[in-house]
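Excluded from the calculations below are hydrogen atoms, water molecules and symmetry mates; all remaining heavy atoms, backbone and side chain alike, are included. All of these numbers come straight from a predicted model, not from anything done at the bench.
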Amino acid sequence: MPDHPNPVPDAAAPPGTRPYEVQRLVLLEIASFPPPEGDELAVMAHRLREPRAEVEAAVDALVGVGLAQRDGQTVRATPPALRFDELCNVLTFVESKP
């Protein structure tokens, strides 16, 4: 997308693809409902009902663009991802509309 003002980083999957959808699910999980100790990959894959390999690939892509951090099998949202969620949380935004 050379004409786009914010080009998509190489780690980001193109919209409409399966990796894109899994990245969206993972980001929502780690930013909107973060357990204090972080999310374990296997538990998150089970909770999201997605194959672990796809969840792991999504996590690695999100790490690559600075939205997630990973320590072994534990995943957390980065401070910028958490702040974005605070500002633009879709669930809160939809519920607050008249």
TODO: Please name all residues satisfying side chain to side chain donor-acceptor pair (under 3.5 Å) with Q69, sequence neighbours left out, ordered by chain then number.
DONE: none
Open item on the list: Restricting to side-chain contact (heavy atoms from CB on, under 4.5 Å), what partner residues turn up for A58, sequence neighbours left out?
Closed with: V22, Q23, V26
TODO: May I ask whether L48 and Y20 are part of the same hydrophobic cluster, defined by side-chain heavy atoms of I, L, V, M, F, W, Y residues being less than 4.5 angstrom apart, directly or through others?
DONE: no
Open item on the list: So, using salt bridge (Lys or Arg N to Asp or Glu O under 4.0 Å) as the criterion, who are the partners of R70 when residues are at least two apart?
Closed with: E56, D60
Task: Residues in salt bridge (Lys or Arg N to Asp or Glu O under 4.0 Å) contact with R83, at least two apart in sequence or another chain - done: E86
Open item on the list: For a quick test of reading the model, state the closest non-hydrogen atom pair linking P51 to A45 and the distance between them.
Closed with: C-CB, 4.5 Å
Task: Heavy-atom closest pair, residues L82 and A31 - done: CD2-O, 3.6 Å
Task: Closest heavy-atom pair and its distance - T17, P14 - done: OG1-O, 2.7 Å
- [ ] Sequence neighbours left out, what passes side-chain contact (heavy atoms from CB on, under 4.5 Å) with A81? Give chain and number order.
- [x] L27, L67, A77, T78
Open item on the list: Please enumerate all residues that pass side-chain contact (heavy atoms from CB on, under 4.5 Å) together with F84, with sequence neighbours excluded.
Closed with: C88
Task: Atom CZ of R52: over 12 foreign heavy atoms under 6.0 Å - done: yes
- [ ] Would you please name every residue forming a side chain to side chain donor-acceptor pair (under 3.5 Å) with E21, sequence neighbours left out?
- [x] none
Open item on the list: I'd like to check the side chain to side chain donor-acceptor pair (under 3.5 Å) partners of R47; sequence neighbours left out, ordered by chain and number.
Closed with: E29, D39
Open item on the list: Check for me, please, whether V65 and V55 land in the same ILVMFWY cluster - side-chain distances under 4.5 Å, paths through other members count.
Closed with: yes
Task: Euclidean distance, R76 CZ relative to E37 CD, rounded to 0.5 Å - done: 8.0 Å
